[in-house]
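Let me begin by presenting the structure, written as structure tokens, before commenting on it.
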Amino acid sequence: MKIAVEGCAHGELDVIYERIAQEEARGHFKVDLLICCGDFQSVRNASDLACMAVPQKYKEMCSFHKYYSGEKRAPILTVFIGGNHEASNYLQELPYGGWVAPGIYYMGYAGVVQFRGLRIAGLSGIYKGPDYLKGRHELPPYNNSTIRSVYHVRNLDVFRLRQLTGKIDILITHDWPRGIYNYGDKNTLLRYKEFFREEVEQNTLGSRAGELLLEDVRPAHWFAAHLHVRFTATVNHEEKDGKPASVTRFLALDKCLPKRKFLEIIDFPDGNSNKNYLDYDEEWLAILKSTNHLLSVVNSTQHMPGPGYSGRWDFRPTKEELAKVKSAFNPDLRIPENFIRTAPVFNGRHRFDGVVPDPLKNPQTESFCDKLGVDDPVEVILSSRAPAKKRVDVSVVEESELDVTLSGTNEKTDISISTDSEDTGSPGLFFVDKQGSTPSSTLNSTPRLPSFSRSTPNFNRSGNAFSPSSPFQSPPLTQRFRMTLPSPKQDKQEEAMVSRGTLGPKIYPSSPLAIRYPAESPKRECNSDVGPRQFKRRNASLYDASE
């Protein structure tokens with residue numbers, strides 16, 4: 001049988017499937033299975049983009065949403081592991097693996113499946129030392145730290161894979177095992193990637209966790225990606241600790257771009273050509289069940305048991321444990337094709353609409369956990385702590401979406417401003433959101449600007465909300481306004497402009513919030529159909545009074 005191996009997918013499923021079809025037509029053969037080595041980007045809708053750790057310019061929907069919605073179906077059975085550019089909120093729903101779309105299977109944080117007699121193991125994510133010993137504590141909505149730590153490899157997943165016995169035909173990871181470059185053409189690698197030289201010389205390039213798996217699991221084939229270059233290596237293992245001598249053939253591929261080496265088709269012996277579906281691995285299921293008590297969902301260090309530990313530290317399955325797994329699955333180990341949509345399909349709007357997805361429990365995971373008797377990490381987190389406060393970052397808003405009215409009433413008006421520009425990739429952009437509004441406080445397409453007396457009003461601060469203790473006086477002039485954060489460097493310049501009468505009085509409340517407006521701006525009609533507006537931190541003195 002023929003298996004297609006692809007490097008970093010980056011959401012380009014249409015391109016990958018089209019390229020495979022071209023190779024099939026050229027070689028007159030049929031590909032039986034596609035393996036993707038991470039950065040799959042299973043983005044279902046615009047909200048998922050907010051959970052993907054990539055620069056703003058790379059947050060594109062690409063083509064996966066077509067396969068999720070049912071508009072298209074994968075022409076080849078596809079298996080993938082996660083990388084460091086993923087819709088992490090979606091993959092967190094399937095910690096033990098599951099279908100992200102019909103015909104497209106995610107292997108979970110770590111997993112082993114069988115296809116036509118081949119044992120295929122996978123480890124998602126990349127290695128990061130500070131998070132390696134921690135539990136799976138992340139939960140959407142993510143902050144700047146957890147949006148990255150959520151895809152870091154954990155020691156529990158590596159510990160489970162190291163309990164495997166028998167032959168592993170294929171191991172899939174995103175990053176390379178540390179030291180693998182010593183078994184291939186290192187000089188050619190450094191000629192293409194000169195900036196790897198220092199890490200190669202210091203033996204720090206690659207994953208330390210992967211290095212452990214290379215020594216213990218010894219797969220026949222190892223497929224990886226991440227470093228965006230094709231590289232091959234051959235590792236000869238000597239007989240050790242009862243393990244026979246063997247060979248591991250390593251292949252890393254590039255990302256899906258024109259004129260890049262991102263796809264290869266490899267021949268494997270066909271164990272059963274009639275089975276075009278995936279099976280659970282019996283030994284892996286027994287390992288999951290016996291190590292379930294080691295699951296941690298706290299942000300603290302947790303070591304795995306080892307020699308000298310008072311309790312059990314060797315979790316290689318026994319005959320009794322394997323028998324229990326067979327009994328639980330009766331003894332059909334075929335992976336059910338029970339894909340269910342858990343989020344809305346893409347609505348055609350590429351812009352993030354401010355709706356941060358909540359953590360979800362996937363029916364596939366619930367069914368698997370009930371049958372095997374293991375815990376869902378997401379359910380454990382949700383049951384152990386209160387739901388996290390939803391955080392919304394919107395860089396661009398429609399004027400019709402603003403809900404702000406400042407008027408001469410006694411109504412309490414809470415205004416909150418989000419200035420988090422790191423996630424959006426657009427520094428200086430923020431939005432205004434009205435909290436606790438009443439039916440009488442409706443949106444005006446041309447907001448009324450408040451007038452101020454010489455005395456500074458008293459502002460009370462509570463969290464991110466600012467509330468004036470006394471009502472504003474409604475001015476006769478209706479005009480647009482900008483809300484900015486004052487910069488100390490501008491103070492002397494603006495005070496001089498105030499004294500010359502070219503800039504209206506500036507109010508310094510007790511909070512960082514300040515409202516500036518041009519003095520003696522001419523009265524004019526405002527067009528309500530202006531379109532999207534961007535609110536930026538800029539000095540009002542940079543604009544004409546007529547703007």
Side-chain angles (χ1 to χ4, degrees), residues 2-26 31-91 99-107 122 124-126 151 172-175 223-231 251-266 339 343 345-352 425:
K2 295 187 180 295
I3 296 181
V5 183
E6 195 276 333
C8 297
H10 290 295
E12 299 293 348
L13 281 181
D14 284 350
V15 176
I16 295 169
Y17 290 138
E18 182 180 354
R19 175 67 178 275
I20 293 175
Q22 293 173 357
E23 296 295 330
E24 290 177 330
R26 185 181 296 112
V31 171
D32 301 288
L33 180 69
L34 168 64
I35 294 176
C36 294
C37 302
D39 285 354
F40 191 77
Q41 296 184 196
S42 51
V43 179
R44 302 164 293 182
N45 50 51
S47 294
D48 282 355
L49 291 176
C51 300
M52 190 167 64
V54 296
Q56 188 70 22
K57 64 180 180 179
Y58 294 121
K59 290 189 176 182
E60 298 291 339
M61 288 300 302
C62 297
S63 56
F64 170 78
H65 67 91
K66 302 175 184 177
Y67 300 86
Y68 176 78
S69 66
E71 178 183 345
K72 291 185 176 181
R73 184 179 176 90
I76 306 169
L77 179 61
T78 303
V79 173
F80 76 97
I81 49 101
N84 58 315
H85 299 310
E86 304 288 355
S88 299
N89 61 311
Y90 189 18
L91 299 189
W99 303 98
V100 297
I104 303 177
Y105 187 81
Y106 168 57
M107 296 193 67
S124 294
I126 61 173
Y151 56 71
I172 317 166
T173 63
H174 188 56
D175 51 359
F223 302 138
H226 189 46
L227 298 183
H228 297 169
V229 62
R230 186 186 184 277
F231 181 76
L251 171 64
L253 293 172
D254 209 330
K255 60 181 176 180
C256 182
L257 285 176
K259 299 182 180 181
R260 297 288 189 95
K261 298 176 181 180
F262 66 89
L263 184 73
E264 289 197 16
I265 299 175
I266 304 174
F339 165 71
V345 299
F346 181 52
N347 60 6
R349 297 181 62 187
H350 290 266
R351 183 175 61 84
F352 172 48

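Ring planes of Tyr90 and Phe64: tilted class, angle from 30 to 60°. The aromatic rings of Tyr105 and Trp99 lie perpendicular to each other, with more than 60° between the two planes, well past the 30° mark.
Interatomic distance, Asp48 CG to Lys59 NZ, rounded to the nearest 0.5 Å: 11.0 Å. For the atom pair CZ of Phe346 and OG of Ser47, the computed distance is 10.5 Å after rounding to the nearest 0.5 Å. With values rounded to the nearest 0.5 angstrom, Phe262 atom CZ is found 13.0 Å from Cys37 atom SG. Annotation: the span from Lys255 atom NZ to Glu6 atom CD amounts to 12.0 Å, rounded to 0.5 Å. A distance of 11.0 Å separates NZ of Lys261 from CG of Leu251, quoted to the nearest 0.5 Å. Here the straight-line distance linking atom CG of Leu33 with atom CD1 of Ile76 works out to 9.0 Å at 0.5 Å rounding.
Of all the heavy atoms in Glu86 and Gly38, the pair that sits closest is OE2-C, 3.7 Å. Contact detail for Gly103 and Ala74: the closest heavy-atom pair is O-CB, 4.2 Å. Scanning all heavy atoms of the two residues, the minimum distance from His228 to Arg260 falls at O-NH1, 4.5 Å. Smallest separation of non-hydrogen atoms from Met52 and His85: CG-C, 4.1 Å. Shortest non-hydrogen contact noted between Val100 and Phe339 is O-CE1, 3.2 Å. Closest non-hydrogen pair, Ser124 versus Gly82, comes out as OG-N, 2.9 Å.
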Going through the checks in order, is the side-chain contact (heavy atoms from CB on, under 4.5 Å) test met by His174 and Cys8? CA-CA 8 Å; His174 188 56; Cys8 297; 3.6 Å; yes

Should Asp14 and Lys72 be marked as a side-chain contact (heavy atoms from CB on, under 4.5 Å) after you check the CA-CA gap, both sets of side-chain angles, and the distance that decides it? CA-CA 10 Å; Asp14 284 350; Lys72 291 185 176 181; 3.2 Å; yes

Check the pair Val43, Cys62 against side-chain contact (heavy atoms from CB on, under 4.5 Å), reporting the backbone distance first and the verdict last. CA-CA 8 Å; Val43 179; Cys62 297; over 6 Å; no

The test is side-chain contact (heavy atoms from CB on, under 4.5 Å); show your working for Tyr67 and Thr78 and say whether it passes. CA-CA 12 Å; Tyr67 300 86; Thr78 303; over 6 Å; no

Yes or no on salt bridge (charged side-chain N to carboxylate O under 4.0 Å, His left out) for Arg230 and Glu264, after CA distance, side-chain angles and deciding distance? CA-CA 10 Å; Arg230 186 186 184 277; Glu264 289 197 16; 2.3 Å; yes

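With Phe40 as the partner, the ring pair (Phe, Tyr, Trp, His ring centres under 6.0 Å) test is satisfied by one option alone out of Tyr151, Phe80, Tyr106: Phe80. The only option from Leu257, Ile16, Val54, Asp39 that meets the side chain to side chain contact (heavy atoms under 4.5 Å, CB included) definition with His10 turns out to be Asp39.
Looking only at side-chain heavy atoms (C-beta outward), Leu263 and Leu253 stay at 4.5 Å or farther from each other. Side chains of Phe223 and Ile266 form a contact here, defined as non-hydrogen atoms less than 4.5 Å apart. Counting only heavy atoms from C-beta outward, the side chains of Thr173 and His226 never approach each other to under 4.5 Å.
A donor-acceptor pair under 3.5 Å is formed between the side chain of Glu24 and the backbone N or O of Val31.
When only modelled atom types and interatomic distance are considered, Asn347 and Asn45 share no side-chain donor-acceptor pair under 3.5 Å.
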